[in-house]
Every structure is written in structure tokens, then in C-alpha cells.
2 protein chains.
Amino acid sequence: MQPKEGWTLKIGELSKATGASIRSLRYYEKQGLIAPVRTESGYREYHKFAVEQVKTIRLYLNLGLSTEQIAGFLHCVLMNEEAFCREVLPVYRQKLKEIDEQIQTLVRIRSNLEERIQSILSERTDNESTEGTNDEH
Amino acid sequence: MQPKEGWTLKIGELSKATGASIRSLRYYEKQGLIAPVRTESGYREYHKFAVEQVKTIRLYLNLGLSTEQIAGFLHCVLMNEEAFCREVLPVYRQKLKEIDEQIQTLVRIRSNLEERIQSILSERTDNESTEGTNDEH
DNA sequence: ATTGACTCTGACATTAATGTCACGGTCTAT
DNA sequence: ATAGACCGTGACATTAATGTCAGAGTCAAT
């Protein structure tokens, strides 16, 4: 049964669509990050939006945030329940601050790295004229 | 024995100077991230540079990099063995790419968050004139 | 009705980073 | 030389995220 129009996914389909393992999807659910409904027979039924949601979750996870941290603001970011979210404003602000810090940190690392690269490059062209300056990719 | 001039640290001192636990410092060593020398009696003796090194390590760890990944380029970043580092250039470039992606992602998340905040704020002043517009900090 | 692909739950395993505890050696001051 | 603070190793525990496996139910097609 191909996902027809704007429909629901079973867990295996969602897994393939997002790259997250089935195991992980169930884990995310237990952590309160996604909430599929259930069919009569107990199968998980995911809204099509879940694809984006899960991708977002994985993205956060890759940045070193924990499911707990993510859970702290994800229902607001993902679902559009602004009304419900008013009380959550300080949380947003806090997150914003944290993200800013992370960005700063990354930028610092980035320029550090770039400096290193530059210094290697300049030393190289210094000693060995131009040999192996090719990008190997 | 206070660290006099440009001297060495024992593990406890390094721990206090960096915020990393003694346990973690030993772990970093086992992972090949730092290499203190040993006194006759077997005590670890850290160079004063180790303070910066460890801070850098923790920074990377906080960004979700593993000790293994860090080890992959840290000897180059930390020690100034550029000559030895030439072969490691592609690794640098790869990292740089990853970091750029992470930054991009974060920036995206950031503006998403900011949008949310704005929309909550505007909705609020929309409905309730000016009540509770105070920052709760 | 039977098969095969999919799903469910639950349990156990694993990896990374860290904590903690036990037991023993070291260093310094008294 | 004895105490107290520090250090060494090794073992076991823990947390987070994920893998894997077992036993059973579901669904679709034949």
C-alpha cells in the first residue's frame, strides 16, 4: 500500500523515509519526541509530517543534544500549538541562548581549523613549490 | 607546591584548572588525547599547555564529537607538528565541511526559534493589549 | 488456510563518557 | 614515623542511544 496522498506511514516506511532505525523510532516515542496513533491492531500510524519531525530530531541528536533536551522544546517547534506555547517562552529564550553559544563555539572551532589548514598550505607551498596542491576528493 | 612559573601540573591541579574530572582526564589519556609524562613514582605530570588542550577537548566533546574523532586531528591542532600534519589535511577539510553544515543547521534552527518567539509575542500583544509582556528571567 | 513480510513487546547487549569505590603507594608537614 | 592529602590502577555502575533477538500477532496475496 503506497502512501497515497497526504497519508499515514507505518513504522518501517517512516524508518526508510528518515534513515532512523525502527528501534530508534520506538525509542523516540518512548522519550516523548513523537506520538503516533495506533491502529485497532496496535500498529503505529505516523502522520506524514512525522518524516520532517524525525529528521529534525536526528539533526538535533547529531548536534549532541539529548532526547530530553529536545523533548523540552520540540512539541512547540514541531506542532503549531502557539497558544499552548506561551508559557514556554522562557524555554525558547533559554534554548536560543544555548544555540547562540553553540554557534559561537562552532565558529571559533571553524576559524581555528581554517587557520590550521592555511598554515599547512602555506608551509607546503613554501617548501615544495607546487606539488600535490590538488584537492583529493 | 604551587605551580611556580611555567611548570607542570599534577592531575588534580589540571582537573581544577579545566573542570574535567580526574577520571575523565585519565580517560582522555587512554584515548590518546593527552600524553602526560610520568614522575619516578608514576605520577602524571602535565605540561602547562595541557590546560588549554583539555579545554579544547571538552569543547569538542560538548559538540557531540567522540574522543575517537577528536583524536583523529587533535595531535595536529594541539601540538604544532604541522610537518607531520600534511597528510591530515583532507581530514581537516572534511571536518571543516561538517562544521559548516552544523553551523548552517544551527542557524536554521535559530531563526526558526526566533520566529516562534516573535509569533508568540505578537499574538500575545494582539489579544491581551499589554499584559504580562514583561521578561521573566 | 497458508505463506511471507511486517509489526508488536520485552529482554539482553553494546558503546561512549563518566562516576564511584577499594586498596595501595607517595609526598609533605609535623 | 605518622597523618592527611594526593595519586595510581582496576573493577563495577550508569546513562544515552542503539542493536539484536525471541516469541507472537497482523496483513495481503494466493
Side-chain angles (χ1 to χ4, degrees), chain A residues 1-4 7-47 50-51 53-74 98, chain B residues 1-4 7-47 50-51 53-74 98:
Chain A
M1 184 168 299
Q2 283 88 304
K4 249 175 67 174
W7 269 122
T8 68
L9 305 174
K10 276 180 294 179
I11 195 167
E13 299 164 340
L14 182 58
S15 170
K16 267 164 204 156
T18 60
S21 71
I22 292 182
R23 177 65 171 84
S24 294
L25 291 177
R26 297 203 262 243
Y27 178 67
Y28 299 159
E29 178 178 354
K30 179 162 282 179
Q31 299 310 111
L33 299 185
I34 37 179
V37 299
R38 298 299 183 109
T39 68
E40 293 269 326
S41 54
Y43 281 21
R44 267 163 266 249
E45 218 172 28
Y46 293 93
H47 194 273
V51 176
Q53 293 182 201
V54 169
K55 282 183 182 171
T56 304
I57 290 169
R58 305 200 79 212
L59 189 146
Y60 280 84
L61 284 176
N62 279 335
L63 288 172
L65 303 198
S66 67
T67 53
E68 202 186 356
Q69 295 178 292
I70 298 174
F73 59 92
L74 202 62
E98 285 177 28
Chain B
M1 187 169 294
Q2 282 90 304
K4 246 174 71 173
W7 270 122
T8 68
L9 306 174
K10 276 179 293 179
I11 196 168
E13 298 163 341
L14 182 59
S15 171
K16 267 165 203 155
T18 60
S21 72
I22 292 182
R23 176 66 171 84
S24 294
L25 292 176
R26 297 203 262 243
Y27 178 67
Y28 299 159
E29 178 178 354
K30 179 162 282 179
Q31 299 309 112
L33 299 185
I34 37 178
V37 299
R38 298 296 184 112
T39 68
E40 293 268 326
S41 54
Y43 280 23
R44 266 163 266 250
E45 218 171 29
Y46 293 92
H47 193 274
V51 176
Q53 293 182 201
V54 169
K55 281 183 183 172
T56 304
I57 290 170
R58 306 201 78 211
L59 189 145
Y60 281 82
L61 283 176
N62 279 334
L63 288 170
L65 303 198
S66 67
T67 52
E68 202 185 359
Q69 294 178 293
I70 298 175
F73 59 91
L74 201 62
E98 286 177 27

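In the text below, chain A, chain B and the rest are named by the order of the sequence lines, each starting its count at 1.
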Q: Using atom CD of A:Glu45 as one end and atom P of C:dC8 as the other, report the distance to the nearest whole Å.
A: 11 Å
Q: Quick one: does A:Leu25's side chain get under 4.5 Å of A:Tyr46's, heavy atoms only?
A: yes
Q: For B:Glu29 and D:dG8, give me the distance from atom CD to atom C1', rounded to whole Å.
A: 11 Å
Q: I need the CD-C1' distance between A:Glu40 and C:dC8, as an integer number of Å.
A: 16 Å
Q: Distance from A:Leu14 atom CG to A:Ile34 atom CD1, nearest 0.5 Å?
A: 6.5 Å
Q: Any side-chain N or O of A:Tyr28 below 4.0 angstrom from OP1/OP2 of D:dA17?
A: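 Result: no.
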Q: Using side-chain heavy atoms (C-beta onward) and a distance below 4.5 Å, is B:Tyr43 in contact with B:Thr8?
A: no
Q: By nearest heavy atom, map A:Ser41 and A:Ile22 onto DNA chain D; which one lands nearer the 5' end?
A: A:Ile22
Q: Tell me: NZ of A:Lys10 to P of D:dG25, nearest whole Å?
A: 19 Å
Q: To the side chain of A:Tyr43, which of D:dG19, C:dT18, D:dT26 is closest?
A: D:dT26
Q: For A:Tyr27 and C:dC12, what is the distance between atoms OH and P respectively, to the nearest whole Å?
A: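 Roughly 18 Å, once rounded to whole Å.
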Q: Does C:dA17 have OP1 or OP2 sitting under 4.0 Å from an N or O in the side chain of B:Thr67?
A: yes
Q: Rounded to whole angstroms, how far apart are CG on B:Leu33 and P on C:dA16?
A: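 In whole Å, C:dA16 P and B:Leu33 CG are 13 Å from each other.
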Q: If I compare all heavy atoms of B:Arg58 with all of B:Thr18, which pair ends up nearest, and what's the gap?
A: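 Closest approach of B:Arg58 to B:Thr18, heavy atoms only: NH1-O, 3.7 Å.
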Q: Less than 4.5 Å apart, side chain to side chain, heavy atoms only: is that true for A:Arg44 and A:Arg26?
A: yes
Q: All N/O contacts under 3.5 Å from nucleotides 9-11 of chain D to the protein, with atom names and distances to one decimal?
A:
{"residue": "D:dT9", "atom": "OP1", "partner": "B:Arg38", "partner atom": "NH1", "Å": "3.3"}
{"residue": "D:dT9", "atom": "OP1", "partner": "B:Arg38", "partner atom": "NH2", "Å": "3.2"}
{"residue": "D:dT9", "atom": "OP2", "partner": "B:Arg44", "partner atom": "NH2", "Å": "2.1"}

Q: If I take atom NZ in residue A:Lys16 and atom P in nucleotide C:dA5, what distance separates them, rounded to the nearest angstrom?
A: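 For the pair A:Lys16 NZ and C:dA5 P, the rounded distance is 11 Å.
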Q: Checking A:Ser15 side chain against A:Ala20 main chain: does a donor-acceptor pair fall under 3.5 Å?
A: yes
Q: Considering only heavy atoms from C-beta outward, does the side chain of A:Tyr27 approach that of A:Thr67 to under 4.5 Å?
A: yes
Q: Can you tell me the distance, in whole Å, between the CG atom of A:Leu61 and the P atom of C:dA16?
A: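 In whole Å, C:dA16 P lies 17 Å from A:Leu61 CG.
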Q: Is the phosphate of C:dT15 approached by B:Ser66 (side-chain N or O, under 4.0 Å from OP1 or OP2)?
A: no
Q: Using a cut-off of strictly less than 4.0 Å, decide whether B:Ser24 has a side-chain nitrogen or oxygen near OP1 or OP2 of C:dT18.
A: yes
